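Here is the structure we will look at.
No experiment lies behind these values; they were computed from the predicted model shown. In this chain, residues are counted from 1 in sequence order.
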Amino acid sequence: MKKLLATALASAFIAFAPQVQAQTPPNVLIVGQIAEPKSLDPHAVTAVNDFRILVNLYDGLVRYKDGTLEVEPSLAESWMISGDGKTYTFKLREGVKFHDGSDFNAEAVKFNFDRMLKEDHPYHDTGPFPLSFFFSTVEEVIAEDPTTVTFKLSAPYAPFLSNLAYPTGLIVSPDAVKQHGKDFGRNPSGTGAYKFGEWDANAKMVAVKNEAYWDGAPDLEAVIYRPITDANTRIAEMLSGGLDVMVEVPPDSLQQFKQDENFKVLEQAGPHVWFLILNTREAPFDNKAARQAANYAINKTALVDNILQGTAEVAAGPTPPAFAWAYNETLEPYPYDPEKAKALLAEAGYNGEEITFFVTEGGSGMLDPVAMGTAIQADLEAVGMNVKIETYEWNTFLGKVNPGLEGKAAMAEMAWMTNDPDTLPFLALRTEAMPENGGFNSGYYSNPKVDELLEKARQVTEQAERAALYKEMQQIVQDDAPWVFVANWKQNAVTKASVEDFKLQPSFFLMLQDVKKPM
């Protein structure tokens, strides 16, 4: 029945074309995504583009409370934390089933985390699991009984519950993993509000209503996610009626939608940072003076005002100001100072050698990456840097950047949306987070003091003490300049006026369980 419904919906969808003022199917929500998903295995992906789908197919033990980054129960009804902060015991919901009909229980939870974390697990080879770093302090997962599971940590870890709410903590069906192995990401099974219907590569991914959803069946019959990498094409589809929801609207189109009563525009600040990764292993950016020069050379205010048209603010460092409690407000962004940049480049011994700059066509939180890259290239060339741009589709781009820039490029665009002030620096600025160790430190930055501060901050449970450690880290990183700190973005989306109860979340995920689309 599920397959028949997915096929019927897909057939209905194919009939639509923007030239004929298409109308999307009744009670089926069509979402214009920015790229093709890489996988529907939540443990195998890193991009918010994928997470926007996955949070509707799966549940975690906990989730973010609506409109916040606070944690609330989901598949776990409650939990207890030991006095030393090293043992978490969860009481699980009874009677929940995966979409394939198998039972959700403590053994299923244990399977999920052992699969990610234990190299000798029989299904560890269905990875890799790039964000398993989130759970690196987990020493053992114990299924005490069918509805009780215990996590034993090697040390207190303040972000643990928040990381469980992140998509890397979503719970997949062990039976489905055993059946499909490495192909599980094309044959997903979770416990979420929507079940997997079908995936037509580069065209659509169909998810259908889970009538038996433990938290109440959704109103929508189905959601169709369409990957439309070109922003102008997404806009044309939205205007013509071929989409119900469009994410990441280019700044110059926001006003057009705001002035049209047929659409609703939603905007919300969130924990986002857009930056350039600098390759600190190779010239010129193995020299701090050259890295600081790049920060002075780029007119970030012009990028924010002219290209992003006020939908972002200039970034001062590696931590987004949305994490108000952990943000170092004393930091000022690097000012635009081309003359200082020239002097620093001379100090660094740079003599106009060509440097390669990786730019992406689009991607999660990347805003207007080609226009941004072109403007950045011009600013760097104005101070004497010889910059060659190489542009790639998003998943290809990640395949080049994530393994590290050594021998390939001097710099690359990047954006992160995170759930905790620990996440981005821990995964992308620590010495132990080099790509060869499975981390995302693609520019190879290393500072022992930063490592020490980050390790301490994740073990401290008192928020004020954590905040002081993060603020000191930000000061050091800003001075070392392993990145060019560019922008903090306000996310946006546009929907048809007829779509009800659609909200943006500070997590940047699209939670569609309560969305309605009246006939």
Side-chain angles (χ1 to χ4, degrees), residues 1-16 22-45 47 49-59 96-102 104 167 170-177 179-228 237 242-247 495-496 499 502 509-517 519:
M1 180 62 192
K2 180 176 73 172
K3 182 67 176 176
L4 287 173
L5 177 56
T7 303
L9 292 168
S11 299
F13 160 75
I14 289 167
F16 300 124
Q23 291 302 311
T24 55
N27 216 27
V28 174
L29 193 78
I30 299 188
V31 179
Q33 292 265 100
I34 59 175
E36 174 82 346
K38 182 178 179 181
S39 169
L40 297 179
D41 181 345
H43 305 156
V45 295
N49 181 68
D50 299 2
F51 295 161
R52 287 174 174 142
I53 299 173
L54 297 171
V55 291
N56 297 289
L57 299 178
Y58 300 91
D59 300 302
V96 177
K97 289 190 178 292
F98 291 103
H99 299 151
D100 59 12
S102 60
F104 164 75
L170 294 170
I171 304 298
V172 311
S173 162
D175 282 9
V177 172
Q179 178 182 351
H180 297 288
K182 289 181 180 293
D183 292 329
F184 172 75
R186 304 287 304 198
N187 299 275
S189 178
T191 62
Y194 296 93
K195 301 180 181 184
F196 174 66
E198 67 169 301
W199 183 356
D200 183 3
N202 297 306
K204 62 185 178 299
M205 198 293 289
V206 181
V208 299
K209 176 194 290 196
N210 177 8
E211 295 281 5
Y213 186 45
W214 62 266
D215 203 19
D219 285 279
L220 297 169
E221 290 300 322
V223 180
I224 296 175
Y225 298 89
R226 293 183 56 198
I228 307 174
E237 288 276 6
L243 299 175
D244 298 303
V245 177
M246 172 184 168
V247 295
T495 74
K496 286 182 179 175
V499 172
F502 177 90
F509 307 151
L510 296 184
M511 309 302 296
L512 303 179
Q513 292 87 340
D514 297 325
V515 172
K516 300 175 183 66
K517 183 183 167 185
M519 300 293 198

Please tell me if the side chains of Leu40 and Ile53 come closer than 4.5 Å, counting only heavy atoms from C-beta onward. yes
By side chain to side chain donor-acceptor pair (under 3.5 Å) - contacts of Glu36 (at least two apart): Trp199
Is there a side-chain contact between Val55 and Met511 (heavy atoms, below 4.5 Å)? yes
All heavy atoms of Ile30 vs all of Pro25, minimum pair found to be CD1-CD, 3.8 Å
According to side chain to side chain donor-acceptor pair (under 3.5 Å), who are the partners of Tyr225, at least two apart in sequence or on a separate chain? Asn56
If you draw a 6.0 Å radius around CG in Asn187, do more than 12 non-hydrogen atoms from other residues or ligands fall strictly inside? yes
Would you please name every residue forming a salt bridge (charged side-chain N to carboxylate O under 4.0 Å, His left out) with Asp244, sequence neighbours left out? Lys496, Lys517
State, to 0.1 Å, how close Ser173 and Ser102 come at their nearest heavy-atom pair, and which atoms those are. OG-OG, 3.4 Å
I want to check something: taking the side chain as every heavy atom from C-beta on, are Val247 and Leu510 in contact at a cut-off of under 4.5 Å? yes
Can you see which heavy atom on Ala193 is nearest to which on Gln513, and at what distance? CB-CG, 3.3 Å
With a 3.5 Å distance limit and no angle check, can you tell me whether Asp50 reaches the backbone of Lys38 through a side-chain donor-acceptor pair? yes
With sequence neighbours left out, write down each residue that passes side chain to side chain donor-acceptor pair (under 3.5 Å) with Thr495, or none if nothing qualifies. none
Any side-chain heavy atom of Lys516 within less than 4.5 Å of one from Leu220? no
Could you walk me through whether Phe502 and Leu512 pass the side chain to side chain contact (heavy atoms under 4.5 Å, CB included) check? CA-CA 7 Å; Phe502 177 90; Leu512 303 179; 3.9 Å; yes
Quick check: does any side chain N or O of His43 sit under 3.5 Å from a backbone N or O of Leu170, one acting as donor and the other as acceptor? yes
Ala35 and Asn49: which non-hydrogen atoms are nearest, and at how many Å? O-ND2, 2.9 Å
So which atom in Lys204 and which in Pro227 form the shortest heavy-atom distance, rounded to 0.1 Å? N-CD, 4.0 Å
Distance-only, no hydrogens or angles: does the His99 side chain make a donor-acceptor pair with backbone N or O of Gly192 under 3.5 Å? yes
Determine whether Ile34 and Arg52 satisfy the following criterion, side chain to side chain contact (heavy atoms under 4.5 Å, CB included), listing intermediate values before the conclusion. CA-CA 11 Å; Ile34 59 175; Arg52 287 174 174 142; 4.3 Å; yes
Identify, with sequence neighbours excluded, every residue that meets salt bridge (charged side-chain N to carboxylate O under 4.0 Å, His left out) alongside Lys182. none
How far apart are the closest heavy atoms of Trp214 and Asp59, and which atoms are they? NE1-OD2, 2.9 Å
Going by heavy atoms in the side chains, are Arg226 and Gln33 under 4.5 Å from each other? no
Donor-acceptor under 3.5 Å (Ser189 side chain, Asp100 main chain): yes
Answer yes or no: is there a side-chain heavy-atom contact under 4.5 Å between Lys209 and Lys195? no
Side-chain contact test, heavy atoms from C-beta onward, threshold under 4.5 Å: evaluate it for Thr191 versus Tyr58 and give yes or no. no
Quick one: do Ile224 and Leu29 satisfy side chain to side chain contact (heavy atoms under 4.5 Å, CB included)? Show the steps, please. CA-CA 6 Å; Ile224 296 175; Leu29 193 78; over 6 Å; no
Please lay out, stage by stage, how Val223 and Val28 fare under the test side chain to side chain contact (heavy atoms under 4.5 Å, CB included). CA-CA 6 Å; Val223 180; Val28 174; over 6 Å; no
Side chain to side chain donor-acceptor pair (under 3.5 Å) with Asp219: which residues, sequence neighbours excluded? none
Side-chain contact test, heavy atoms from C-beta onward, threshold under 4.5 Å: evaluate it for Ile171 versus Phe98 and give yes or no. yes
